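Remember, it's a predicted structure, so these values are computed and weren't measured experimentally.
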Amino acid sequence: KVREVGVATRASTLDQLREVSGKEGISLERYRNIGIMAHIDAGKTTTTERILYYTGRSDNIGEVHEGEATMDWMEQERERGITITSAATTAFWAGHRINIVDTPGHVDFTLEVERSLRVLDGAVAVFDGVAGVEPQTETVWRQANKYNVPRICFVNKMDRDGADFYKDVQMMKTQLGCNPVPIQLPIGQGKTFVGVYDLVSEKSVTWLGDKLGAEFEVKDEIPDGMADVIAEYRENLIEKAVEMDEEALEAYLESGEAPSVDVLKKCIRKGTLGFDFVPVLCGTAFKNKGVQPLLDAVVDYLPSPMDLEDTKGKDPKDPDQVLFRKNVASEKFAGLAFKVAADPFIGTLTFLRIYSGSIESGDMMINPRTKQKERFGRMVLMHSNKREEIKSASAGDIIAIVGLKDTTTGDTLCDMKDQIVLEKMDFPEPVIKVACEPLTQKDNDKLMESLAKLAAEDPSFRYSRDEESNQTVIEGMGELHLDIIVDRLRREFKVDCSVGAPQVAYRETITRPIENWYTHKKQSGGSGQYAKIKVSYEPNEGQGYEFVNDTTGAIIPREFIPGILR
Ligand code: GDP
């Protein structure tokens with residue numbers, strides 16, 4: 001049986017989908033607001049690009065960092081080959097609407113990860129099949145735990161020499177402390193990788209050639225030499241799954257027969273949403289194998305906004321008063337701004353996750369922080385490299401609003417008569433400082449104004465003027481973070497600056513044990529930037545130390561601490 005994966009067989013535009021699902025549009029249980037998280041280079045961008053291709057919204061499937069990138073739509077992101085902004089992209093798959101909130105993989109953008117985790121409902125964790133669990137995967141994994149984000153794992157790069165699915169699953173257990181349950185097994189590994197065996201439907205899926213994944217073969221047969229391993233892993237899957245559902249468990253224990261595909265899927269969904277286990281899939285995004293089943297798994301196992309608890313917030317007039325909103329369109333409107341981005345073509349875009357109620361373009365909402373009304377004049381959906389103007393949006397949607405007056409990341413926009421301040425994300429404190437010297441007087445005049453704009457977009461970026469030294473000091477999450485700020489100053493605001501160590505030394509406060517800190521700093525020559533944070537550090541079995549920001553509780557990546565245990 002050879003089947004074509006034609007984008008045309010799927011509803012690939014909002015209009016088509018509305019036709020399919022009636023006038024009211026797509027029902028909320030068919031929404032998936034997801035993020036794709038990974039260590040840098042694991043293949044997040046490639047996987048995202050393939051997803052956009054299969055969902056019919058991306059026009060090109062070229063090499064990720066060449067030409068017109070899709071998720072990485074800022075010029076410097078392309079140049080650096082990393083994803084900085086947290087753009088949200090809307091795609092459609094199998095009658096479902098998938099909003100992909102971009103989560104950066106670089107440690108300097110921990111804040112970006114936090115804010116995307118705050119507004120997404122589920123995530124796909126992408127792993128490099130050879131490297132398995134890497135340091136940043138651990139950091140992001142912990143953040144996802146903190147925000148209660150259900151996950152599925154995708155072991156990517158199965159085509160690489162040395163890719164080892166089984167080793168990676170073991171690493172997830174030992175290093176991430178999760179309960180990984182493979183729902184697929186790779187057919188071949190490295191050069192011999194041709195597809196996956198689906199343990200749920202008991203079918204093998206092999207892709208014919210590397211081209212666009214357009215053709216694949218689905219067979220009921222067990223691939224050669226895999227009978228034992230399939231039997232073992234399917235039994236493991238069934239046993240873990242049926243435990244999630246009393247009825248399924250009883251039926252299984254009584255009859256000894258495996259549950260139907262539908263029951264099995266239902267049980268896996270329960271286990272995933274309840275954090276009992278994490279389904280694991282595999283493939284190679286680059287060679288176009290395994291991405292369609294990954295999309296199916298997003299639909300089958302990741303939560304819809306209706307699976308979430310009611311959204312919590314506070315009464316702006318009485319902060320002790322906790323309020324709840326149901327995640328439905330019939331409630332009063334409330335949304336959380338999670339990203340403000342300057343778009344070179346249409347102006348300031350405010351990305352908003354709508355938690356309750358609905359909105360029509362032209363409606364006025366209030367920002368309880370500023371007590372200002374904001375008009376939702378133009379609303380857009382971002383589709384990889386296209387934008388779609390929309391006239392209305394409701395609970396579950398992630399939209400971008402053009403040209404709001406005074407709304408920053410973390411602000412709530414809500415109904416004027418029924419106000420609420422939604423719970424914010426945590427903003428980690430900046431950890432490094434540098435002095436930023438404008439090259440000319442003209443640059444000097446523009447500098448403060450430009451810094452103010454950048455700070456409004458990015459709550460973990462700070463700037464100040466040191467009266468004594470007459471220097472401008474900028475603070476951020478890491479060297480790369482500040483590099484990018486300086487780069488944006490030059491590019492977007494036409495302000496040229498040179499950057500150096502500030503003349504004033506900012507002393508770090510470390511609660512314990514102080515001796516180690518200074519010894520290590522001296523050993524490194526003490527040339528690094530000083531972190532102005534209160535950190536305590538605790539032995540982390542076999543891995544040196546872990547640094548914890550005492551104010552926010554956030555784990556500080558080791559490379560932020562100059563000269564220590566890198
Ligand atoms: P990101 O940093 O996580 O966004 O990773 P990218 O998607 O940019 O991928 C990093 C590098 O790995 C790029 O050179 C990709 O072409 C390559 N890559 C991505 N997926 C695969 C894969 O499945 N197999 C192989 N062999 N290379 C891949």
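- Proximity of a side-chain donor or acceptor of S255 to a complementary backbone N or O of A251 within less than 3.5 Å is detected.
- Taken from CE in M226 to CD in E221, the straight-line distance is 13.5 Å, to the nearest 0.5 Å.
- Note on R491 versus D487: salt bridge recorded, some NZ/NE/NH1/NH2 to OD/OE distance being below 4.0 Å.
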Practice task
Go through the steps to decide whether V380 and L349 satisfy the test side-chain contact (heavy atoms from CB on, under 4.5 Å), and finish with yes or no.
Solution key: CA-CA 9 Å; V380 289; L349 287 176; 4.2 Å; yes

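- Listed by first and then second residue, the salt bridge (Lys or Arg N to Asp or Glu O under 4.0 Å) pairs involving residues 275-286 amount to none (not counting sequence neighbours).
- Closest approach of P259 and L264 over heavy atoms only: CG-CD1, 4.0 Å.
- Residue pairs meeting the salt bridge (Lys or Arg N to Asp or Glu O under 4.0 Å) criterion with at least one member in residues 119-136, sequence neighbours excluded: D121-R353, D128-K157, D128-R160.
- Between D159 and K287, at least one side-chain N (NZ, or NE/NH1/NH2) sits under 4.0 Å from a carboxylate O, which counts as a salt bridge.
- Taking every heavy atom of both residues into account, P182 and L199 meet most closely at O-CD1, 3.4 Å.
- Atom CD in E235 sits 14.0 Å away from atom CD1 in I230 (nearest 0.5 Å).
- To the nearest 0.5 Å, atoms CD1 (I183) and OH (Y197) are separated by 13.5 Å.
- Under the rule for a salt bridge (charged side-chain N to carboxylate O under 4.0 Å, His left out), E239 has no partner lying at least two apart in sequence or in another chain.
- Between I398 and F338 the shortest side-chain heavy-atom distance falls below 4.5 Å.
- W141 and A125 make their closest contact through CZ3-CB, 3.8 Å (heavy atoms, listed as atom of the first residue, atom of the second, distance).
- C178 places none of its side-chain heavy atoms less than 4.5 Å from the side chain of K173.
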Practice task
Begin from the C-alpha positions of E232 and R234 and carry the test salt bridge (Lys or Arg N to Asp or Glu O under 4.0 Å) through to its verdict.
Solution key: CA-CA 6 Å; E232 180 194 335; R234 180 158 152 93; over 6 Å; no

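- Two residues are said to be in side-chain contact when any heavy atoms from C-beta on lie closer than 4.5 Å; P293 and F154 fail this criterion.
- If you check the side chains of T311 and N327, you find a donor sitting under 3.5 Å from an acceptor.
- A donor atom on one side chain and an acceptor atom on the other are not found under 3.5 Å apart for N33 and R97.
- Ring-centre distance between F193 and F165: not below the 6.0 Å cut-off.
- Atom CD of E389 has more than 12 neighbouring heavy atoms from other residues, nucleotides or ligands inside a 6.0 Å radius.
- Closest of all the heavy-atom pairs between A163 and V130 is N-CG2, 3.7 Å.
- A distance-only check finds no donor-acceptor pair linking the side chain of D397 to the backbone of I354 [under 3.5 Å].
- By the 4.5 Å heavy-atom criterion applied to side chains, Y166 and Q189 are counted as neighbours.
- Residues N179 and K240 form a side-chain contact, since some pair of their non-hydrogen atoms from C-beta on lies under 4.5 Å apart.
- Judged by a 6.0 Å distance limit and a 45° cone about the ring axis, R30 is not positioned over the six-membered ring of W93.
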Exercise for the section: Evaluate side-chain contact (heavy atoms from CB on, under 4.5 Å) for V196 paired with C282, printing each intermediate quantity in order. Expected result: CA-CA 7 Å; V196 298; C282 62; 3.8 Å; yes

Practice task
Quick one: do I34 and I98 satisfy side-chain contact (heavy atoms from CB on, under 4.5 Å)? Show the steps, please.
Solution key: CA-CA 7 Å; I34 63 158; I98 302 177; 3.8 Å; yes

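- Proximity of a side-chain donor or acceptor of R32 to a complementary backbone N or O of G122 within less than 3.5 Å is not detected.
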Practice task
Please test Y301 against F277 for ring-ring contact (aromatic ring centres under 6.0 Å, His included), starting from the C-alpha separation and ending with a verdict.
Solution key: CA-CA 11 Å; Y301 308 128; F277 52 75; 9.0 Å; no

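- A distance of 3.5 Å separates NZ of K191 from CG of D161, quoted to the nearest 0.5 Å.
- Remark: T272 OG1 to D307 CG distance equals 11.0 Å, nearest 0.5 Å.
- Closest heavy-atom contact between G129 and V155: CA-CG1, 3.6 Å.
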Exercise for the section: Start with the C-alpha gap between R269 and D300, add the side-chain angles, then the distance that decides, and say whether salt bridge (Lys or Arg N to Asp or Glu O under 4.0 Å) holds. Expected result: CA-CA 7 Å; R269 183 175 180 85; D300 287 338; over 6 Å; no

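- Side-chain contact between T206 and V218 is absent, with no heavy-atom pair separated by less than 4.5 Å.
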Exercise for the section: Please assess V124 against V298 for the test side-chain contact (heavy atoms from CB on, under 4.5 Å), listing each intermediate value before the final yes or no. Expected result: CA-CA 8 Å; V124 175; V298 164; 3.8 Å; yes

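- For R50 (side chain) and F286 (main-chain N/O), a donor-acceptor pair under 3.5 Å exists by modelled atom type.
- Taking all atoms of both residues into account, the shortest heavy-atom contact from N156 to G43 is ND2-CA, 3.6 Å.
- Contact check for L381 versus I399: side-chain heavy atoms found under the 4.5 Å cut-off.
- The OH atom of Y252 sits 11.5 Å away from atom SG of C267, with the distance rounded to the nearest 0.5 Å.
- Side-chain contact between I51 and I100: present, with at least one pair of heavy atoms (C-beta onward) separated by less than 4.5 Å.
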